[in-house]
Engineer: 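Okay, here's the structure, questions in a sec.
For ligands, and for the atoms within them, numbers begin at 1 and follow the listed sequence. Note: hydrogens, waters and symmetry copies are ignored here, and every other heavy atom, side chains too, is used.
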Amino acid sequence: KEASRFPKRMLFYTPSMSDGMADRLSLEQELHQALANNEFFLEYQPQVNLKNGKIESVEALVRWQHPTRGQVSPSIFIPIAEESGLIIQLGEYVLEAACLQAKAWQELGLPKMKIAVNLSLGQLFQKNLVSKVEDILIRTKLEPHYLQLEITESMTMNIDQMTLLLRELKSLGIQIAVDDFGTGYSSLSYLKDFPIDCLKIDRVFVRNIQHDKNDEALVSMILSMAKHLRLKVVAEGIEEINQLAFFLEGECDYIQGYLFSKPITAEQLVATFEELHLHTADILSRLNAIE
Ligand code: C2E
Ligand code: MG
Ligand code: MG
Ligand code: MG
């Protein structure tokens, strides 16, 4: 076979290669090192329940502290990890670290919070995903209903396959959320078949709320549809009080965004937990949302 003359991971640099391309190749090599060198860690972004102002869940977001480049954004390295297959190992690290952390917070005496963990498509295609998740839940002793997996809409897996996989995952007792809802091109019909618990409205629809009537119409439609389908909704990327007001009015369940908190480290979350709640209550009281 022609291809087997070269080792699979051998990379070739040529002078004609653009800087961007060479950079991408070296990032890919550095990603492999990064796992072994413990350069990844997680940050957590609170999701606030609008009914009571409490932080009832947090989303785990992976961070790469690169030894010379500084922090590299996940929107840069996650796609590279996906293409190189490294996402399987990285995803497992993230899942286990997130579950461990959620359990550790419980043991510290914080109110119990759900932990939301992003899954890449490559992980969904993994043969033993369900047993991997089960193993991690057993190892970390996290009760399954405190784990929520975030998946994205995609056309690459057919509806039957996906329904089956999600049913198996759900049978572990965990929750499923559809991330970046509305940005994919899949048909809405999967919503009635998939055993999902939650929709996350993407920031692109939130950004121009109170300025763009079309975005407002779309968001209102998603909120009312979710209510009829008995799905919870998280609105992502809320930065302004005007945006929050719109989602309060629409009876959205959870809010995640810089207005309440940026993603923070586990230590920061513990250290500022009371403060975060005061901040949240203050904002909500300005909108007369809670007493
Ligand atoms: P996502 O899952 O949709 O996560 C939300 C992103 O929006 C996060 O960016 C978060 O920091 C950002 N965000 C939240 N609130 C606001 C806001 O009010 N304003 C603005 N401007 N941004 C806000 P981040 O951490 O850079 O992550 C980007 C994406 O990378 C994530 O989007 C997710 O698709 C991916 N990602 C992050 N961590 C993981 C992971 O552990 N596994 C996988 N597979 N993907 C991950
Ligand atoms: Mg997410
Ligand atoms: Mg999202
Ligand atoms: Mg995403």
Side-chain angles (χ1 to χ4, degrees), residues 31 34-35 39-48 55 57-65 70-102 114-126 129 132-133 136 147-154 175-184 196-209 219 222 233-244 246-247 254-266 268-269 276 279-280 283:
L31 263 179
L35 261 175
E39 289 165 17
F40 295 108
F41 66 99
L42 300 182
E43 285 191 335
Y44 303 88
Q45 188 177 31
Q47 298 179 337
V48 175
I55 298 169
S57 45
V58 294
E59 178 176 9
L61 295 155
V62 69
R63 299 290 178 251
W64 181 10
Q65 188 61 51
Q71 271 208 22
V72 184
S73 165
S75 43
I76 307 244
F77 71 80
I78 290 288
I80 301 176
E82 283 169 345
E83 283 163 39
S84 66
L86 200 76
I87 194 67
I88 301 295
Q89 271 171 278
L90 178 58
E92 226 175 299
Y93 160 79
V94 168
L95 189 59
E96 174 141 12
C99 291
L100 264 179
Q101 188 58 65
K114 229 172 9 192
I115 185 108
V117 179
N118 293 283
L119 279 197
S120 284
L121 195 65
Q123 293 175 273
L124 290 177
F125 278 113
Q126 222 185 321
L129 175 68
K132 282 251 172 83
V133 174
I136 287 174
L147 175 62
Q148 179 157 65
L149 297 181
E150 295 191 1
I151 60 168
T152 45
E153 304 173 73
S154 165
Q175 309 261 305
I176 308 279
V178 177
D179 202 357
D180 309 334
F181 181 71
T183 62
I196 52 181
D197 304 283
C198 178
L199 299 180
K200 296 191 73 176
I201 300 182
D202 196 75
R203 196 163 67 88
V204 298
F205 303 113
V206 172
R207 237 174 356 213
N208 300 319
I209 287 289
V219 166
I222 296 172
V233 179
V234 179
E236 268 191 312
I238 307 293
E239 295 182 350
E240 292 163 17
I241 196 145
N242 287 341
Q243 296 166 339
L244 176 63
F246 183 87
F247 283 93
Y254 296 92
I255 295 288
Q256 178 180 349
Y258 292 177
L259 177 65
F260 287 135
S261 173
K262 290 196 166 177
I264 51 179
T265 64
Q268 284 173 311
L269 189 126
L276 277 171
H279 173 63
T280 301
I283 291 170

Engineer: Please list, in number order, the atoms of ligand 1 under 4.0 Å from a heavy atom of E236.
Structural biologist: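 Taking each heavy atom of E236 in turn, ligand 1 has 1 (P), 3 (O), 4 (O), 5 (C) under 4.0 Å.
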
Engineer: Where do L31 and L86 come nearest, in terms of heavy atoms and distance?
Structural biologist: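 The answer is O-CD2, 3.5 Å.
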
Engineer: Quick check on the 6.0 Å ring-centre criterion: do F40 and F77 meet it?
Structural biologist: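 Yes - the distance between ring centres of F40 and F77 falls below the 6.0 Å cut-off.
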
Engineer: What N/O/S atom of E236 gets nearest to the Mg ion (ligand 3)?
Structural biologist: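 Closest to the Mg ion (ligand 3) among those atoms: OE1.
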
Engineer: How does E59 reach ligand 1, if at all, at less than 4.0 Å between non-hydrogen atoms: by side chain, backbone, both, or neither?
Structural biologist: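 It is the side chain that touches ligand 1; the backbone stays farther off.
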
Engineer: Out of the N/O/S atoms in D180, what is the name of the one closest to the Mg ion (ligand 3)?
Structural biologist: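 Of all N, O or S atoms belonging to D180, OD1 is the one nearest the Mg ion (ligand 3).
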
Engineer: Specify side chain, backbone, both or neither for D179, according to which of its non-hydrogen atoms lie closer than 4.0 Å to ligand 1.
Structural biologist: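 It is the side chain that touches ligand 1; the backbone stays farther off.
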
Engineer: If you check every N/O/S atom of D179, which is the one nearest the Mg ion (ligand 3)?
Structural biologist: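 Sorting the N, O and S atoms of D179 by distance to the Mg ion (ligand 3) puts OD1 first.
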
Engineer: So that I can tick it off, tell me whether R63 and E43 are bridged by a salt bridge, with the cut-off set at under 4.0 angstrom between side-chain N and carboxylate O.
Structural biologist: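 Salt bridge between E43 and R63, a charged N being under 4.0 Å from a carboxylate O: yes.
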
Engineer: Using 4.0 Å as the upper bound for N to carboxylate O, is an ion pair formed by K200 and E59?
Structural biologist: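 Yes, this pair counts.
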
Engineer: Does the side chain of I78 come within less than 4.5 Å of I80's, by heavy atoms?
Structural biologist: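 The answer is no; the side chains never approach within 4.5 Å.
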
Engineer: Give the numbers and elements of all ligand 1 atoms closer than 4.0 Å to a heavy atom of D180.
Structural biologist: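 Those of ligand 1 that fall under 4.0 Å from D180 are 3 (O).
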
Engineer: Could you tell me whether ligand 1 has any atom less than 4.0 Å away from a heavy atom of E82?
Structural biologist: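 In this structure, E82 fails to qualify as a contact of ligand 1 - no heavy atom is under 4.0 Å.
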
Engineer: With a cutoff of 4.0 Å, is G91 in contact with ligand 1, counting heavy atoms of the residue only?
Structural biologist: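 Per 4.0 Å heavy-atom rule, G91 does not contact ligand 1.
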
Engineer: Any atoms of ligand 1 less than 4.0 Å from a non-hydrogen atom of S120? List them with their elements.
Structural biologist: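 Atoms satisfying the 4.0 Å criterion: 44 (N).
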
Engineer: Under a 4.0 angstrom heavy-atom cut-off, which atoms of ligand 1 come close to G237?
Structural biologist: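 Result: 15 (N), 16 (C), 17 (C), 18 (O).
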
